[in-house]
**Student:** 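Structure incoming, see below.
Residue numbers begin at 1 in each chain, while the letters A, B, ... track the order of the sequences.
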There are 2 protein chains.
Amino acid sequence: MAHRRSRTARLSGDDRQLALLATAEKLLGERSFDDISIEDLAAGAGISRPTFYFYFSSKDEVLLALLDTVIAEVRHRVAALPRDFELEPAATWRRSIEAFIEVFSAHRAVSNAAMTARMRNADVHALWATSMQSWADYSTEIILAERARGAAPDGIDAHDLAVALNLMNERVLSASLSGDAPRIDQARSLDVLSSIWLRSIYGTTPD
Amino acid sequence: MAHRRSRTARLSGDDRQLALLATAEKLLGERSFDDISIEDLAAGAGISRPTFYFYFSSKDEVLLALLDTVIAEVRHRVAALPRDFELEPAATWRRSIEAFIEVFSAHRAVSNAAMTARMRNADVHALWATSMQSWADYSTEIILAERARGAAPDGIDAHDLAVALNLMNERVLSASLSGDAPRIDQARSLDVLSSIWLRSIYGTTPD
DNA sequence: CGACTACTCAACAGTGTGTCGACAAACGGA
DNA sequence: TCCGTTTGTCGACACACTGTTGAGTAGTCG
């Protein structure tokens, strides 16, 4: 995902790449991605605009690299989680959701910019789509296992349910992070999301 | 929301405004909003680029006008719905969700473009945010009423729940319409969303 | 029929992107 | 140690699109 050049020459080389990434994350904390020009990134890293193109082929590619590290962090965090659905399903689901919230909150600026860029950039879109799919597949597996052991009732297709819940998390978190419009206070979003996940997976409708 | 000039003169005047809107919706069906230039819109309406600025002050304003009509259609459709939560709550919720799906599906191109533009344009953002808020408030009222009459159990804050469910609908529908990544087949999305709404509002978690 | 309003566009100015070609500086052999 | 290759750097250019200005034309109304 990241284009590294061999470490040599001049003043830095590889450090310049990191400087550009650091500048991008810093500037994203101050203004929107659209309002940051390649000139700004280059200046922040102490190089000229044409030189920027030696390291990245576009502004979007910088964001892609930043998003990649955030997603890797999520993957890492989720993999390290204790996974014990049989003993304490509620707490286990909750911890997973919490991991997402914490990582994306810690990189709020990058997350917001990536959510916007996803809409117009094919690479960002593909990276995000792939991650969402893997999280949805992971959730699907667990829902199926919970149904198999009789802990969760049958209902709509497990994969559809998993996709809808993951998309909900994405959107609710995105609204919380960007502070937009109808949003849930960040302090309560974990409770709200957990509750909906649990009721949708384990609950039934009295009819 | 719409800037009308008095009907007079030349060849059209007011018709040109409509021609621009029609051109925009047509081109949005063929390519992305970013890939449509003001030149393209002007050409489609048979005027020059500077003349475009006589009718709209920017490309975004054209999209705003289109989104406005779509939202008005939703409001109209939802207001016309039979609202009988006491007799048939499930069917009543389902019909509301169905109305959203149908209207936004009928204007898929505009909906997709608006969801993208929302991220960078303050006016589109505000219009969408206001609408989402009113739908969330509407949902909140009903949830509270259902809890008051004992049909729905207590749980997380009704407004938080309403916001999360509305955001889920937005995101799931948006994924369906754009055909993106982890998405729910459009034919099944009504079932999936209804099921989650009902379980979240009326269901309980056994523990 | 003359002034007024609605409308139109050629031409200009500005801003940001991406490329090209010349050049500098380290390194790795012969 | 010198010389070619790789790595890095940037001035200057071409381009695409946005937004503005100012001069004009065509209907319409007193």
**Student:** Between A:D137 and A:T140, is the side-chain hydrogen bond (donor to acceptor under 3.5 Å, both in side chains) condition met? List the steps.
**Tutor:** CA-CA 5 Å; A:D137 289 345; A:T140 305; 4.8 Å; no
**Student:** For C:dT8, does either OP1 or OP2 sit under 4.0 Å from a side-chain N or O belonging to B:Y55?
**Tutor:** yes
**Student:** A:F52 has an atom CZ; how far is it from atom P of C:dT19, in whole Å?
**Tutor:** 12 Å
**Student:** Between CZ of A:R16 and CZ of A:F52, what distance do you get to the nearest 0.5 Å?
**Tutor:** 14.0 Å
**Student:** How many Å lie between CZ on B:F56 and P on D:dT18, as a whole number?
**Tutor:** 15 Å
**Student:** Over how many whole Å does the gap from B:R120 atom CZ to D:dT18 atom P extend?
**Tutor:** 11 Å
**Student:** Should A:L165 and A:S200 count as side-chain neighbours, where that means a heavy-atom distance under 4.5 Å?
**Tutor:** yes
**Student:** Within this structure, what is the CZ-to-C1' distance between A:F54 and C:dG18, rounded to whole angstrom?
**Tutor:** 16 Å
**Student:** Let me know the distance between OH of B:Y53 and C1' of D:dG22, rounded to the nearest Å.
**Tutor:** 17 Å
**Student:** I want to check one thing: is the phosphate of C:dT8, taken as OP1 and OP2, less than 4.0 Å away from some side-chain N or O of B:T51?
**Tutor:** no
**Student:** Whole angstroms only, please: what is the CD1-P distance between B:I36 and D:dT18?
**Tutor:** 11 Å
**Student:** From the set C:dT17, D:dT9, D:dG19, return the single nucleotide nearest to any side-chain atom of B:S58.
**Tutor:** D:dG19
**Student:** Could you label the plane-to-plane angle of the A:W93 and A:W197 rings as parallel, tilted or perpendicular, counting under 30° as parallel and over 60° as perpendicular?
**Tutor:** tilted
**Student:** With a cut-off of less than 4.0 Å, is there a side-chain N or O of B:R49 near OP1 or OP2 of D:dT20?
**Tutor:** no
**Student:** Nearest whole angstrom, please: distance from the C1' of D:dC10 to the CD1 of A:I47.
**Tutor:** 10 Å
**Student:** Would A:S37 and A:D40 satisfy side-chain hydrogen bond (donor to acceptor under 3.5 Å, both in side chains), going step by step from the backbone distance to the final call?
**Tutor:** CA-CA 5 Å; A:S37 69; A:D40 296 332; 3.3 Å; yes
**Student:** Whole angstrom is fine here: how far is it from CG in A:D34 over to P in C:dT15?
**Tutor:** 17 Å
**Student:** Which of residues 37-44 of chain B have a heavy atom under 4.0 Å from DNA chain D?
**Tutor:** B:S37, B:I38
**Student:** Could you work out, with side chain to side chain donor-acceptor pair (under 3.5 Å) as the rule, every residue matching B:E170, not counting sequence neighbours?
**Tutor:** A:R171, B:R118, B:W128
**Student:** Between B:E88 and B:R94, is there a salt bridge with N-O shorter than 4.0 Å?
**Tutor:** no
